[in-house]
**Student:** 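Dropping the structure in here first, questions after.
In listed order, ligands and their atoms are each counted from 1.
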Amino acid sequence: MATSILPGEAPDRPQEECAVFGVFSPTDDVARLTCFGLQALQHRGQESAGIAVGDGETVTVMKDLGLVTQIFDEGSLAALQGDVAVGHCRYATSGISDAWFSAQPHMSAIDEVMVALAHNGTLVDTEPIRERLEARGVEFRAGTDSEVACQAIGYYTRETHHLTEGIKQTMELIKGAYAMVLASPTALYAFRDPNGIRPLCLGKLPGDRGWVVSSETCGLDIVGAEFVRDVNPGEIIRINSTGISTLQALEPGPSRGCIFEYVYFARPDSVIDGQSVYQARRAMGRILAEEAPAQADLVLGVPDSGVPGALGFAEASGIEYTDGIVKNRYVGRTFIQPTQEMRQLGVRIKLNPLPSVISGKRLVVVDDSIVRGTTSKKLVEMLRAAGAAEVHLRIVSPPTAWPCFYGVDTPTQGQLIAAVKSNQEMCEYIGCDSLAFISIDGLRRAVGGANHETFCEACFTGDYIVPLPESLTDIAFIKKEK
Ligand code: SF4
């Protein structure tokens, strides 16, 4: 979850991208299963949610701004009946975040037949595709990259009279990170970019009742589906009443799963591309303890994603682990904002330390990442105010010095503290006694069980696998002196 100490502050984490979920089952209530799947994946996006259902004749969508449980109830699910469903929860990385039109799934008409598309990721450089389609009479409403993909699939399907071919031709055009699910009236499709940047897995409902696709395995678990495999980079899977078929639509490129999924985005009970997220986080803590030891009395983790790393750090260092920071789980983005006066008085709505545990103690505090540094600074102030004798901050990711363009909302490079300050300067700004980050090699070792030869690590290294247009980098990167 994105963590800041107060709601309404500029988030001091990369913001989760989105989640997709899909079901094909002639026997189950597919909308209800999708609703459960989206609830399991809600941590990936809380701004809007939607479900589209194919009933053999057409596809009907219901979507709105808000959390899954705010949008769907018994009545709305009862109206969504059919054999195929796709769902989406969104954190806006493209388009206007609060616009209903930007909520997904997106709909496209193919010769009177509707299809619905849900996308996790960000497409790079969609403007030329949009212009080309507009010149051929295609209309756009949302202004998002996902809508471009949806309309392109509609357009190329009309041209080729074949939906799988329409998807394939669209995949040949679009660039960037995408894990997508699509519902037609009779079939479910799932496809993933050729580098496999964003996760997508396939599961099976017991008793041959049907198939499920999900951004994370925790979405399979909640509906009782058994994990079958990950969707391969560049692959299209189609599921309908005749069974499952697959097409390797694009030659897989170098595999580059997002390494940040393991650090922060994914739920700890998920397995991504063969690697348990929880075990990876514990390993990060163990490795960090070897790379950057500290003399301390207690280790604590910043809830929630810092906790497994803190357990790993305690395990490797022999320093006692403790729960020293409590998180209020019921504060969302839409929470009533505190006034400026309340902020100055130091209200602690999201995180609160336990003085009885930490007072007088030297602490190792393990967190997942530092983006702007503002939350870490407040956290350290809070811990000192609660009586901590020393605060040694340990971060289970390398310094985030580059923005992400592949489905994660990060500030521009100039706002990333690691891009503009040295380690010593960051330590002074945050006010901790020492600050250390895991090395990139250490992070790679921690996620070593994943079936990727390499990862996307661009936000740490600046090595972007999908080339970026200058229009993007000009805005996002710190200008270099010529
Ligand atoms: S740039 Fe970072 S957050 Fe974005 S996909 Fe790559 S590793 Fe993940």
**Student:** Would you say atom 6 (Fe) of ligand 1 has C456 as a near neighbour, meaning an N/O/S atom of that residue under 2.8 Å away?
**Tutor:** yes
**Student:** Would you list the pairs meeting salt bridge (charged side-chain N to carboxylate O under 4.0 Å, His left out) in which at least one residue belongs to residues 214-231, sequence neighbours left out?
**Tutor:** R44-E216, R229-E235
**Student:** Just which atoms of ligand 1 are under 4.0 Å from any heavy atom in C258?
**Tutor:** 3 (S), 5 (S), 7 (S), 8 (Fe)
**Student:** Can you name the ring pair (Phe, Tyr, Trp, His ring centres under 6.0 Å) partners of F477, sequence neighbours left out?
**Tutor:** W402, F405, Y464
**Student:** I need the atoms of ligand 1 closer than 4.0 Å to a non-hydrogen atom of A458, numbered in the order shown.
**Tutor:** 1 (S)
**Student:** Using 4.0 Å as the upper bound for N to carboxylate O, is an ion pair formed by R130 and E127?
**Tutor:** yes
**Student:** Can you confirm if the NZ or CZ of R394 lies within 45° of the ring axis of F313 and under 6.0 Å from the centre of its six-membered ring?
**Tutor:** no
**Student:** Closer than 4.0 Å to some heavy atom of C459 - which atoms of ligand 1 meet that?
**Tutor:** 1 (S), 2 (Fe), 3 (S), 7 (S)
**Student:** Applying side-chain hydrogen bond (donor to acceptor under 3.5 Å, both in side chains), run through Q415 and T412 and close with a yes or a no.
**Tutor:** CA-CA 6 Å; Q415 295 172 290; T412 56; 3.1 Å; yes
**Student:** Taking non-hydrogen atoms only, is R198 closer than 4.0 angstrom to ligand 1 via side chain, backbone, both or neither?
**Tutor:** side chain
